[in-house]
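Written below as C-alpha cells is the structure these notes are about.
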Amino acid sequence: SNVTGILPGFPALAFDGTNVWFASSGGTKISVYQVSSPVGITFSPGANVEGLVFDGTDMWVLTADSHLLKMTIPTPGAAIPAVEETLTMPGPVSDCRMMYDGNNIWIPIGTTGTVYVVRPTQNLASLPSSIVKNEAIPGVGFPYVAAYDGENVMIGGLINGTVALYKATNLNRIRTFDSGANGVRGIASDGRTFNIGDVNSTRFYQY
C-alpha cells in the first residue's frame with residue numbers, strides 16, 4: 001500500500017519491535033505503522049530524514065540539518081513520538097544506513113567520507129549521549145551502509161567497492177580492502193560472514 005505523505009527518494013526503514021518506521025530522503029515525513037494494524041501516524045521531525053535506527057529502547061532519526069534525534073516509541077493510540085534528546089553532528093550528513101551494534105550507533109556519511117560513532121545513554125540527567133568517533137574512511141567512496149557480525153563492523157562505499165573493517169569494542173579501523181563489487185548498496189551479516197550486495201548487478205560477495 002502507499003504511505004501517505006512520503007515523497008520519492010531513498011527509503012529508510014526501521015523496526016522497533018512493534019512498529020515499522022518509514023521515511024525517505026526526498027521529504028521531511030516519517031510514517032509509523034503498527035505491524036498488527038494498517039493504521040499509522042505521520043509526522044515531521046523538522047527536516048529531511050537521512051536515516052533511522054533502533055537501539056533496543058529508542059528510535060534514532062538522522063535529519064538533513066545535521067541533527068540526530070532520539071525519539072520515544074509510540075504505543076497503540078499514543079500521540080506523536082517525543083524527542084528525548086538531540087545531538088548536533090559536527091558536519092554535514094547524507095542519506096545512509098545507520099547501524100547499532102549493541103553499544104554504539106555507526107553512521108557512515110557519504111558526502112564527507114567519514115564515519116560518526118554515537119554512544120547512546122539511558123541516563124540523560126548525568127551522562128548524555130555522545131559522539132565518540134569522527135574520522136575519515138580512506139578509500140571508501142561515499143560511505144553508505146554499515147553492518148555488524150557480532151565482533152566487527154563493516155562499512156561500504158556506494159560509488160566504489162572498497163569496504164572498511166572496524167573492531168566494535170575499541171572502534172579502531174582494522175583495514176580497508178576492495179570487496180570486488182562495483183559499489184556497495186547493502187551489507188548483511190549472518191553472525192559469521194559479511195554478505196555484500198553490488199549496486200550495479202545481482203552479484204553478492206561473501207567475506
Side-chain angles (χ1 to χ4, degrees), residues 10 12-17 20-21 50-62 68 70 73 85 87 89-91 93-110 112-123 127-199 201-207:
F10 297 102
L13 286 168
F15 180 59
D16 65 24
V20 175
W21 295 56
E50 304 292 354
L52 298 167
V53 71
F54 181 56
D55 71 0
T57 303
D58 300 285
M59 187 65 69
W60 292 82
V61 179
L62 181 67
L68 186 64
K70 178 183 178 181
I73 302 304
E85 185 179 17
L87 289 181
M89 310 309 286
V93 300
S94 54
D95 170 54
C96 68
R97 299 297 173 259
M98 304 188 295
M99 187 275 307
Y100 179 64
D101 67 9
N103 293 299
N104 300 298
I105 298 170
W106 295 73
I107 309 174
I109 304 296
T112 57
T114 60
V115 59
Y116 299 138
V117 181
V118 171
R119 184 158 297 155
T121 181
Q122 298 301 317
N123 187 2
L127 185 66
S129 301
S130 59
I131 300 169
V132 294
K133 192 176 192 67
N134 170 14
E135 73 169 27
I137 313 176
V140 177
F142 202 95
Y144 179 72
V145 63
Y148 178 57
D149 70 355
E151 183 176 356
N152 301 310
V153 173
M154 181 179 282
I155 296 175
L158 188 61
I159 63 174
N160 68 7
T162 302
V163 297
L165 199 63
Y166 290 83
K167 189 75 172 177
T169 52
N170 60 20
L171 312 183
N172 289 337
R173 188 172 66 250
I174 301 168
R175 64 188 180 109
T176 58
F177 62 93
D178 185 354
S179 68
N182 293 312
V184 180
R185 168 62 73 180
I187 308 173
S189 175
D190 58 10
R192 299 184 62 183
T193 59
F194 287 106
N195 299 279
I196 299 169
D198 196 326
V199 68
S201 70
T202 56
R203 294 180 179 178
F204 284 86
Y205 300 83
Q206 189 175 68
Y207 291 91

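We use all heavy atoms of the structure for the numbers below, so side chains are in, but hydrogens, waters and symmetry mates are not.
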Distance (rounded to the nearest 0.5 Å) between [X] [atom1] and [Y] [atom2]:
X      : Y      : atom1 : atom2 : answer
Leu52  : Met98  : CG    : CE    : 6.0 Å
Thr114 : Ile137 : OG1   : CD1   : 7.0 Å
Tyr100 : Thr57  : OH    : OG1   : 7.0 Å
Asp55  : Thr121 : CG    : OG1   : 10.5 Å
Leu165 : Ile155 : CG    : CD1   : 9.5 Å
Ile109 : Tyr144 : CD1   : OH    : 12.0 Å

Exercise for review: Check side chain to side chain contact (heavy atoms under 4.5 Å, CB included) between Val145 and all other residues, then give those that pass, not counting sequence neighbours.
Suggested key: Arg97, Val184, Ile187
Who pairs with [X] by side-chain hydrogen bond (donor to acceptor under 3.5 Å, both in side chains), at least two apart in sequence or on another chain?
X      : answer
Asn134 : none
Asn160 : none
Ser179 : none
Ser189 : none

Shortest non-hydrogen separation from [X] to [Y] and the atoms involved:
X      : Y      : answer
Gln206 : Thr193 : NE2-OG1, 3.6 Å
Ala146 : Pro108 : N-CG, 4.4 Å
Pro143 : Val140 : CD-O, 3.5 Å

For the residue pair [X] and [Y], establish whether any side-chain heavy-atom pair is separated by less than 4.5 Å.
X      : Y      : value
Tyr207 : Phe177 : yes
Ile107 : Cys96  : yes
Val153 : Val117 : no
Leu68  : Tyr116 : no
Phe54  : Ile73  : yes
Ser129 : Leu87  : yes
Met89  : Leu62  : yes

Exercise for review: Would you please name every residue forming a salt bridge (charged side-chain N to carboxylate O under 4.0 Å, His left out) with Asp101, sequence neighbours left out?
Suggested key: none
Side-chain donor-acceptor pairs under 3.5 Å in residues 166-175, sequence neighbours left out?
residue : atom : partner : partner atom : Å
Tyr166  : OH   : Glu135  : OE2          : 3.4
Lys167  : NZ   : Glu151  : OE2          : 2.6
Asn170  : OD1  : Asn172  : N            : 2.9
Arg173  : NH1  : Glu135  : OE2          : 2.8

Review point. When you look at Trp106 and Met154, which way does the side-chain contact (heavy atoms from CB on, under 4.5 Å) test go after all the steps?
Key: CA-CA 10 Å; Trp106 295 73; Met154 181 179 282; over 6 Å; no
